[in-house]
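This report concerns only the one structure given below.
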Amino acid sequence: MDMPWWPALLFLPLFPFSIVFVLLIKKLPQSWLRSLAFLLWAQPGVWLLGSTAAPIPDWILYWALATAFLYAYRALVIRELNLWLSYIAVSAWSILWIVLSVSDVTKLMLFALGFSLPMSLMALLGGELERRFQAAYGGLYGGIARSHPRLSAMLVFTLLAVIATPLFPGFFTMMSSIMAEMLTAPPIALGLLLVWLLWSWSGILLLQGLVMGPAHAESAMSADLDGLKAAIYTALLIAMVLFGLQLTEVF
Amino acid sequence: MEYLIVMVPAIPLVTAIITYLLASRLNYFVAQLSVASILLAFLASLTLLWFALSGAAPVAVSLGGSWGILMFDPLSSLMSVVISGISLIVHVYSIRYMADEEGYARYYVLLGLMTSSLLLMVAAGDLLTMLTAWHLIGVLLYLLLVQNTADAPTQRYAMWTMLTYRLGDLPLVLAAAVLFDAYDTWSLTELFTRIAQNPQVSTFGGFTAVELAGLLIAVAAFARSAQFLLHNWLPYTMSGPTPVSALMHAGIVNAGGFLINRFAPLYMYTTDVLHLLFIVGLFTAIIGSVLMLAQNDIKKTLGYSTMGQMGFMIMECGVGAFSLAVFHLIAHGLFKGTMFLGAGGVIGKARISDGVPKHELYTFVVERQVQSRRQPWLVMAAITLAIPLLILVAAHWLVAQDYFQKQGAIVLLFFGWVTGAQLIFASYKMQTSNPWRLFTMIIASFAIVVLGYAMISHAFDLFLYPDPAARDLLYEAAGVDFIWFNLLVAVVTANIVFGWIMVYYAGRFRFGSRLKNTIWRNFYALISREFYVMEFYSWVARRLFAFAHRLNVLLRWV
């Protein structure tokens, strides 16, 4: 069945279609629902692109890059974890349009999953923060590195995965897309690097607001992540690293 | 030997993982465990260096797949010893120094991961492994710097460090992309072979891939080694733990020099990039040294001193003296590490007594009391100019007769000559009962330093670049047109001699003294504010944040 490619604009969201996804994340009340949305939202988009026989115009690449940059840049001043995550998700998934120009759909699906997995985990950790502090907001309480060392460690590592640090899958997706674009469209490769830099910048700012700073009196009143949960999160992070290493085989 | 090559970066990594998993049970035992593991890695590195000194051929070990190659060669074995050695000292120092800090186990986990990443970087045998290690070092350094999670300035400057490092990661990614596209391999050994076979493969914009990649690698090295405009993170990250500062200044910041040396087989075929390295390095060396003189905080002084040294190291690469840069980074790493680890003790003792003996040097340097009787100027001028030159020429002629045919060598000799002459020049006015004894001692010290430096750097040359053709290619790539070179030497010489004359006659002429004072005051204001570079970056960041905020309001935060 031949499908049109344009509905994919909603699932690999390009601005202004991206508004739908950001609104959805804002409206979803449960962290596990948000986690599921982060995990699955991009996949129908990839499937649609795989099912279409119609050629995708070249100018989409520039639209995708503009969206990736717009949301990465806007994320610089976002302190609410779920909103920040939705911006980074839009920014990351729009890069998949660029990856598509040099890759097949199977690889694209893996790359999409590589971006989505850490975000999904981060959404769950956002839920952990909300349960303890009624909000996952940077700068509101802060200092949980001292009062909640396990939760902080998970937040740090997951955030590093979200902003595409090696050896997490996002790193290899970014490498793959930059490698591919460097000779065919150098301005796009440079744009991707800039987006990557903005992710790191905004991620560190968020981290500083959540984890760093003097320990707040309220922070000490709630319990840290229990051992079992921490072990599960650690196992998921290790699985992500292994998945990232596996991604290098499809470069 | 293959096992040893893998073991060196693997030991600290495995120990860090064990420490992380068993932190609550191990308690203070984490320190002993970490020290033991780094000691093991150091011994393994020493064994590898011994193999390399015995003339063992380079070996590459693949961990499986298209990347994950670890390389054994003279450069990697030497750097592994330096890194694991300095890390061992830092580990031992931290046992007591960090004992009362929160996150003791976390600190050792991060230190282990950092050591492992540094060792992985120097042993990386392919572009992707190199990129991975290069990137991880920036992230881990950030996490080490924010060990004190409650301190706001620490967070702020650690973030600047992280951002600068990320800026430095990106050109390296581009360089890897250019090289992979041009030569179709990740493996460094294979890449260098293909470059030697065909260095003229062109890429976009009419550049050769080698020239463009060389430029990008240089920019990555600039960020990591705190070259001017990418230097602010270095002197400002002093709020982190002192052992981390020591590791940073003794090991991490040297990564730029290592990177350029690792890609030396690429730089042999570049035409202009090494000139850029020379200019940036020279400029950084001067700016770093000037800023160092204006500081009143010992750690910040050391920070700017490192910046100046890094500038000199990059400049050495720029003149083609690659192995000299490695010798320099090792020597600098050792003395700067010692200074950082000793800084706290020195400050503590200085609170009781400054410890400076009140003899001739003190009255000259601190109290600025000069000798009223001057020596005959013609004799002194001859000593100043001729003796350092004679010592330098003799020392270098002793190790390599063809040394003077290389422009880069002439530039370094020139620097040595100026330094030696400046040393003698500065001591003329010193009050002393026996000036000739003083000059003899100065000249003897200078001769020992120069001779030692020449012989050791020559040994490094033979060890790291045993092929004379490779060494010649590097000097050739750094060379400039003969007329321009001589003109440059003449201009710089005239400038220095003019400076000396000005200093010699300072105070005799009052002409234009008001203007001179105004210029000096303004210049001092400029350097005391560190050329407003930090203010400018902060201003740019504030504007970016303000605009992002306005954009979000305009788009209703969706």
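Values reported hereafter were calculated over all heavy atoms of this structure, with side chains retained and with hydrogens, waters and symmetry mates removed. The sequence lines fix the lettering, A, B, ..., with proteins before strands; numbering per chain opens at 1.
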In terms of heavy-atom proximity below 4.5 Å to chain B, should [X] be classed as side chain, backbone, both, or neither?
X         : value
Leu83(A)  : side chain
Val156(A) : side chain
Ala180(A) : neither
Ile25(A)  : neither
Thr234(A) : side chain
Tyr87(A)  : side chain
Ala72(A)  : neither

Euclidean distance, [Y] [atom2] relative to [X] [atom1], rounded to 0.5 Å:
X         : Y         : atom1 : atom2 : value
Arg166(B) : Leu193(A) : CZ    : CG    : 8.5 Å
Leu170(B) : Leu194(A) : CG    : CG    : 8.5 Å
Leu128(B) : Phe171(A) : CG    : CZ    : 6.0 Å

Any side-chain heavy atom of [X] within less than 4.5 Å of one from [Y]?
X         : Y         : value
Leu245(A) : Trp67(B)  : yes
Ile204(A) : Leu163(B) : no
Trp201(A) : Met159(B) : yes
Leu160(A) : Tyr142(B) : no
Trp186(B) : Thr248(A) : no
Leu174(B) : Leu190(A) : yes

Residue selection (most heavy-atom pairs with chain A, distance under 4.5 Å) from Leu555(B), Asp181(B), Thr132(B), Asn552(B) = Asn552(B)
note = If you tally heavy-atom pairs under 4.5 Å between each of Ala158(B), Pro171(B), Gly103(B), Ala150(B) and chain A, the highest tally belongs to Ala150(B)
Could you look at [X] and say if it's the side chain, the backbone, both or neither that has a heavy atom under 4.5 Å from chain A?
X         : result
Phe545(B) : both
Ala546(B) : neither
Leu544(B) : both
Trp557(B) : both

request  = Would you confirm whether Glu102(B), through its side chain, and Arg146(A), through its main-chain N or O, come within 3.5 Å as a donor-acceptor pair?
outcome  = no
ask   = If only atom types and distance count, is the side chain of Lys26(A) paired as donor or acceptor with the main-chain N or O of Val558(B) below 3.5 Å?
value = no
ask   = At their closest point, which heavy atom of Ala548(B) faces which heavy atom of Tyr73(A), and how far apart are they?
value = N-OH, 3.2 Å
query = Should the ring pair Trp196(A) and His135(B) be called parallel, tilted or perpendicular, given that the plane angle runs from 0 to 90° and is split at 30 and 60?
reply = tilted
